Amino acid sequence: MRKRILSGMRPSGKLHLGHYLGVLVNWKKLQEENESFYFVADWHALTTEYERTDVINESIDDMVIDWLAAGIDPGKATLFIQSHVPQHAELHLMLSMITPLSWLERNPTYKEQLREQTTRDLNTYGFLGYPVLQAADILMYDAALVPVGIDQVPHLELSREIARRFNFLYREVFAIPQAYLTETPKILGTDTRKMSKTYGNAILLSDTAAEVWAKVKPMVTDPARERRTDPGNPEICNVFAYHKIFSEEETVKRVDTGCRTAGIGCIECKKWMYENMEKVLAPIREKRKEIVESGVSVRGILAEGTARAREIAGNKMREVRDAVRI
Ligand code: TRP
Ligand code: SF4
């Protein structure tokens, strides 16, 4: 049966392998047999970027071109911009009335970000309400599945609680959504921190083959392998973690043994990994080239999708107003 799928991404510009493996692979898979809605979460970006809003709009094209290059098909999925569907703001307001403060204050992502983001002041009303806006995004379309990265699971749980509370207070208006995660282990940055463009440790979907190799080549390996003849422990090596993601089981085994017995060198090992990583990246690169050369209008695609999204959102809001009697 066709299901409603919904997911969004904050416009942060060019995407990296973490976005691809964690989210886009599932977006692509789910668009085939379902009714998918994928959107640019520009209002969510505003919760943290309210002081430098230029980057939000400028990032949209880069990000959406990466979606298309990764195989997201506007003929199958509806792509739109959140802030161009004002009903999201209206539903956010409605849901904010019934969301207990304590649910938001104990949200782990919220607490973590307040602690970590020292360069901006996130003690705002909007930032606390981030998950309420996300609930509005999801509930608006009666999404059954929400393909997201594992870090978004607490937000999904909140969306479910908010939906249940609304349905209980008024009537059954909203479907209860479910998170949809990938089985691929989370890929770390090339320096083993969280993969992020700001750390400079990210492999971008738009990197050239030479750029990818320039990032892979200097990756830190097991420090015990000072010389080619020193045996190593692949379990503590990030290159091996990458092998597990990109290489066939046979290669992973060969690397495991080769590393422990000093049968292979680290550069050789990285080269194999790189070649397998390129099996994922090269087709994306090719597709991007096609897209750019065909002169397709990203804004045109988004405008078309936005019109479709607005229609559904308009209908849902009539239902919501009716249930709340307002
Ligand atoms: N919070 C999500 C993220 O940072 C983005 C997002 C906003 C989202 N609204 C959503 C994801 C609705 C899924 C569904 O990645
Ligand atoms: Fe890492 Fe491979 Fe070197 Fe072993 S051989 S330390 S797995 S790069």
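It should be emphasised that the depicted structure is a prediction, and the values quoted were computed from it without experimental measurement. Remember, it's 1-based here, ligands and their atoms both numbered in the order they're listed.
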- Task: Check whether more than 12 heavy atoms from other residues, nucleotides or ligands sit under 6.0 Å from atom NZ of Lys3, and answer yes or no.
- Result: no

- Enclosure of Gln178 CD (heavy-atom neighbours >12, cutoff 6.0 Å): no

- Task: Return yes when atom NZ of Lys316 has more than 12 non-hydrogen atoms of other residues, nucleotides or ligands closer than 6.0 Å, and no otherwise.
- Result: yes

- Query: Is it the case that Thr182 and Asn26 place a side-chain donor and acceptor less than 3.5 Å from each other?
  - Reply: no

- Query: Are any non-hydrogen side-chain atoms of Asp191 and Val220 less than 4.5 angstrom apart?
  - Reply: no

- Could you tell me which residues satisfy side-chain contact (heavy atoms from CB on, under 4.5 Å) with Gln31, sequence neighbours excluded, listed by chain and number? Lys28, Ser36, Tyr38, Ile72, Asp73, Lys76, Ala77

- Item | Enclosure of Glu32 CD (heavy-atom neighbours >12, cutoff 6.0 Å) | yes

- Who are the side-chain contact (heavy atoms from CB on, under 4.5 Å) partners of Val292, not counting sequence neighbours? Arg288

- Item | 2.8 Å cut-off (strict), protein N, O or S atoms about atom 3 (Fe) of ligand 2 | 1

- Answer whether the closest heavy-atom distance between the side chains of Val23 and His19 falls below 4.5 Å. no

- Item | Shell of residues surrounding ligand 1, defined by a 4.0 angstrom heavy-atom cut-off that is strict | Leu6, Ser7, Gly8, Arg10, Phe39, Ala41, His44, Tyr130, Gln134, Asp137, Ile138, Val146, Val148, Gln152

